[in-house]
Amino acid sequence: MNTVVTSKEAILSVSRELIRTEGWTAINIRSVAKACNISVGSIYNYFDSKSELIAATVESVWKEIFKPLQDLNS
């Protein structure tokens, strides 16, 4: 595993990509950790469970979808 600290945003980005390419069933702590090239424990630094990881991923997708609308209103 690498020793580079991975941010929460980077983990969510990888999670979104896994969903896009492999579907929702591909999302679990181990698959995301492997795709990020980090330890499972590193994922748990940001997310207490698979459910929390999925919820945060869904939230990040919605933020991405609605960001253009927010930019228009600024």
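Just the heavy atoms: all of them, side chains too, but no hydrogens, waters or symmetry mates, feed the values below. We count residues from 1, following the sequence as given.
To the nearest 0.5 Å, atom OG of residue S39 and atom CZ of residue R30 are 10.5 Å apart. The CD atom of E52 sits 12.0 Å away from the CD1 atom of I43 when rounded to the nearest 0.5 Å. Of the inter-residue distances, the one linking L18 atom CG with S13 atom OG reads 10.0 Å to the nearest 0.5 angstrom.
At a threshold of 4.5 Å between non-hydrogen side-chain atoms, the residues T6 and S42 do not count as touching. Taking the side chain as every heavy atom from C-beta outward, E17 and E22 never approach each other to under 4.5 Å. Under the 4.5 Å side-chain criterion, counting only non-hydrogen atoms from C-beta, I11 is in contact with L53.
The two residues F47 and A56 come nearest to each other via the heavy atoms CE2-CB, 3.5 Å. The shortest non-hydrogen separation linking K50 to I27 is CE-O, 3.0 Å. Among all heavy-atom pairs drawn from A35 and V14, the shortest one is CB-CG1, 3.5 Å.
Counted within 6.0 Å of CH2 on W62, heavy atoms from surrounding residues, nucleotides or ligands total 12 or fewer; the atom is thus considered open.
Side-chain contact check for S60 and T57: no donor-acceptor pair (N or O, by modelled atom type) lies under 3.5 Å.
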